[in-house]
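Here is the structure we will look at, set down as structure tokens.
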Protein chains: 2
Amino acid sequence: MDDDLRLLFKPSAVALVGASADPGKIGHIALKNLLSGDFSIHPVNPREREILGRKCYESLNDIPGEVDLAIVVLPAKSSVDVVRDAAQRGIRFVIVSSSGFSERGEGGEELQAALMAAVDGTRTRILGPNTMGLIVPSSHLDTFFIPKDRSSRPGRGPIAVVSQSGAVAVSCLEKAEAAGIGVSACVCLGNKVDIDEVDMLRYFADDAETQCIAMYLESFSDGRLFLEVAREVALSKPVVLLKAGRTRAGSMAARSHTGAIASTSDAVVDGVLRQAGVVRVYDEEELVDISRALSVIGHVKDDRICVVASAGGFGVIASDLAESSDNGAGLRMAELSEFTVSELRKVVPEFVAPRNPVDLTAEVTDEMYDRVLGILKADPGVDVILMSLELQPPNVTNGLIGIAGRRFSEGGPPIVMSVFAKDQPAVMRDMARRGLVVYPTIRRSVRATAALVERGTYLGRRG
Amino acid sequence: MDDDLRLLFKPSAVALVGASADPGKIGHIALKNLLSGDFSIHPVNPREREILGRKCYESLNDIPGEVDLAIVVLPAKSSVDVVRDAAQRGIRFVIVSSSGFSERGEGGEELQAALMAAVDGTRTRILGPNTMGLIVPSSHLDTFFIPKDRSSRPGRGPIAVVSQSGAVAVSCLEKAEAAGIGVSACVCLGNKVDIDEVDMLRYFADDAETQCIAMYLESFSDGRLFLEVAREVALSKPVVLLKAGRTRAGSMAARSHTGAIASTSDAVVDGVLRQAGVVRVYDEEELVDISRALSVIGHVKDDRICVVASAGGFGVIASDLAESSDNGAGLRMAELSEFTVSELRKVVPEFVAPRNPVDLTAEVTDEMYDRVLGILKADPGVDVILMSLELQPPNVTNGLIGIAGRRFSEGGPPIVMSVFAKDQPAVMRDMARRGLVVYPTIRRSVRATAALVERGTYLGRRG
């Protein structure tokens, strides 16, 4: 099998089998979403002559010229026949959307076997079944059969989302868009009869646009191979994994959801994943949060964190969450150098002892915050700065956002931010547009920082 | 000392000492915010005759008639003199906003002693110093000196917020408003020279509007007394506590922030708090999330959770987070009764095995979801339902929100919800307006459910 997946992500010609003239049908929604792609699109439906202004073909065989990708939105049984046609025509990639395969027990398993047999010995590769397919902003490929007004489509960006669940993929897209970060692609793996997470690791490892691979998996197609490839990929790109089906109930549910069978105990999985350099997360929000920090900042070289806030309470909470091993990240609080302390003394209100966490108090000004960030950035004992940006103090202006942006971009220890403002979502979006790594709570900013430390430790060990 | 704090929350006449005509000064912002209160307001400033249309007095002594509450927005030193005047005039409550007391070390500690001496032997009680005071929606009292366009003021509601940090209080108000839930009051304790967390526990225990007391503390004024009173209050109302200053860095920071001295190890604190029925949380978001669930739902009688979702992936993640003891809440997955299973079989798609988590699949309809909730509500083996509401599936309409609302309000096991939709914030607000307990992530809905179980277990033990 040729494992170059390029044409799956950037096809020149696409066929949609099961295209429909009925606006309520997924065969219509899918066609609509495909029309804006950078490729020719050929609807297939023997009962229609034209849909949405495109000539309709009776079958795959009737389409003139090369077809790189066929998307099949038909019931399970008919899908198998279409995939056989596609393979015979030499179409390189087929996306099978239908459910009703192995996730539905006995009858479904037979169908799934037939599906695999249909491409056996050919160069045709299958994505799915039981999948919405993929979204690729750079080629405007969008095979999802959810109307755009019902689910987010973020723009181009550094995160590759790979998910065994369509809903989790959609949720990741929503969270990415809300955070103002784009994706290089979003791929739904479904039942993984062929193309699986290992193919995705290999593809995105070589994809220049992708800076971080974010995965939701309910099972490993080949756990050993996954670890081997992940260990290789993790040297150059962070891999973040939400592995679900960890518990008895969870794994039973995963089985009926995508036919996934979890074989090994979760504690074992956890250990080997960590060893392979995979950053493990536990919910869909964390998956996006951490992928965002890793894709933008990469890593930090050690775990000495310096907390700075104008709201004393946030400084205290942040320090607790950073330092505590029980209910926190177990990081070290940086020891500020004597020089740093004496420089801080010149800038912070005279009644505050300059220490970590740095408390700027309600007397904070834009300039004070700017100078303090400059001083902390110059301290070689600080590996990462956790900045709580509050827009409520009387002498702070929205100009502080620009200052944070400048300090974020310059050299020295990276800055991870949280922000508190009355219109927090709008301020978050503004900061995200400037490329800052910012979260709406202290906990999430600390968790992202811990992941940057985990990544740095891994790279240091593998050095 | 008379410990009836009623006049602090519902004064008839309020004086603002340090009122200013300069719109940039806190003495101006505070006056503006006070003007909409259900009480007469008397600005005090010897250099002005009138501010914002109100007659200005030279001193507290010049104000005719009774004054229940004096708010002092002057520097620390002058504040002490004013408090002395207030005590001599017999004003029952004084809020001292200024910082510069014990949190600033030696000189400040002397001033703080002078402040306490100023009310010694009188009936005057002090809130603060180093505080923004309080907000009481029912009497429209608002002593915060942050403009309303810079920080949220949620309406009346069931949560009493008590905070040793102004910024954390403001953040809680923002999160409450975003979640569409109101507060009975929000009190900033500051340095707690007099009025403290124990006073607040006692006051809100008797306050009919308050259904849950949410606290952020950096220290206990009297740990033993707090536990004693909390244990009593927790029998009738949930007490949720974010106790910061847990770590070495955190407690040092707390000391310079509000002069708080933490004395006992955090593990010890944790154990005794739990025994007293206090629900402990670790960040400001969790404080609001959990207070919201406890104030609306109260508690659940046992920990047998049933998960229902149309997105299989969310069912799997929810089950993992509910059941796992390592990275989850350690709850039990309910065993559905035979009757429930046979009833579910009639409603869910025929290819799905009815089990917990209940997977409605992408074929979900509003009616299917409604009937399934009805079936689960009738199962005596289910203590709480965790409902993941997804608005993306093709045959689901926004009418599902109304259905969820009806099922939420009827008898049987409570429902805790999470919601996934393209415009999640707007949908969240809509659901919140209907009084539903809903969160934007699975993790937060599971965490809230766990707190309801913790509360139920406590009441069962004490019951």
Side-chain angles (χ1 to χ4, degrees), chain A residues 24 26 99-100 104 146 149-152 164-165 167-168 170-171 174 216 218 244-250 252-254 256-258 282-285 311-317 319-321 323-324 327-328 333 351-353 355-357 359 361 390-392 394 420 422 424-425 441-443, chain B residues 24 26 99-100 104 146 149-152 163-165 167-168 170-171 174 216 218 244-250 252-254 256-258 282-285 311-317 319-321 323-324 327 333 351-353 355-357 359 361 390-392 394 420 422 424-425 441-443:
Chain A
I26 65 167
S99 55
R104 302 206 182 168
I146 301 182
D149 59 356
R150 282 208 158 198
S151 99
S152 301
Q164 210 168 334
S165 152
V168 173
V170 165
S171 174
E174 274 156 13
Y216 169 80
E218 295 181 356
R246 297 183 286 127
T247 57
R248 198 179 59 91
M252 274 173 63
S256 66
H257 178 220
T258 52
Y282 295 94
D283 82 344
E284 73 290 355
E285 182 177 79
F314 287 129
V316 179
I317 295 173
S319 302
D320 279 348
L321 288 173
E323 205 179 19
S324 167
N327 283 285
M333 293 295 283
F351 56 84
V352 194
R355 67 155 73 88
N356 182 10
D359 184 3
T361 81
E390 295 98 13
L391 286 178
Q392 291 97 346
F420 299 91
K422 191 185 179 202
Q424 197 191 40
T441 75
I442 297 280
R443 193 188 58 77
Chain B
I26 63 167
S99 55
R104 302 205 183 167
I146 300 181
D149 59 357
R150 281 208 157 197
S151 100
S152 301
S163 174
Q164 210 168 335
S165 152
V168 173
V170 165
S171 175
E174 275 155 12
Y216 169 79
E218 295 181 355
R246 298 183 284 127
T247 57
R248 198 178 58 92
M252 274 172 63
S256 66
H257 178 221
T258 51
Y282 294 94
D283 82 345
E284 72 290 354
E285 181 176 79
F314 286 129
V316 179
I317 295 173
S319 302
D320 279 349
L321 288 174
E323 206 180 18
S324 168
N327 283 286
M333 293 296 283
F351 56 84
V352 193
R355 67 154 74 88
N356 182 10
D359 183 2
T361 81
E390 295 97 14
L391 287 177
Q392 291 97 344
F420 298 92
K422 192 184 179 204
Q424 197 191 42
T441 76
I442 297 281
R443 191 188 58 75

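Every chain is numbered from 1 and lettered A, B, ... according to where its sequence line falls, protein lines coming before strand lines.
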Let's test your reading of the structure: which of [options] forms the most heavy-atom pairs below 4.5 Å with chain A?
options: B:Asn327, B:Asp149, B:Val168, B:Thr361; answer: B:Asn327
options: B:Met333, B:Arg443, B:Gln424, B:Glu285; answer: B:Arg443
options: B:Asp320, B:Ile442, B:Ile26; answer: B:Asp320
options: B:Ser152, B:Gly24, B:Ala311; answer: B:Ser152

Side chain from CB out, backbone as N, CA, C, O: work out which of these in [X] comes under 4.5 Å of a heavy atom of chain A, or both, or neither.
X: B:Val352; value: neither
X: B:Thr247; value: both
X: B:Ile146; value: side chain
X: B:Glu323; value: both
X: B:Glu390; value: neither
X: B:Arg246; value: both

| So what's closer than 4.5 Å to chain B heavy atoms on A:Ser319: side chain, backbone, both or neither? | both

Please report the closest heavy-atom contact between [X] and [Y], naming both atoms and the distance.
X: A:Gln392; Y: B:Ser151; result: CG-CB, 4.4 Å
X: B:Arg150; Y: A:Leu391; result: NH1-O, 2.7 Å
X: A:Ile317; Y: B:Ala244; result: CG1-CB, 4.2 Å

| field | Worked check of side chain to side chain contact (heavy atoms under 4.5 Å, CB included) between A:Ser171 and B:Phe314 | value | CA-CA 10 Å; A:Ser171 174; B:Phe314 286 129; 3.5 Å; yes

| request: May I ask you to name which of A:Gly312, A:Ala167, A:Ser165 has the most heavy-atom pairs under 4.5 Å with chain B? | output: A:Gly312

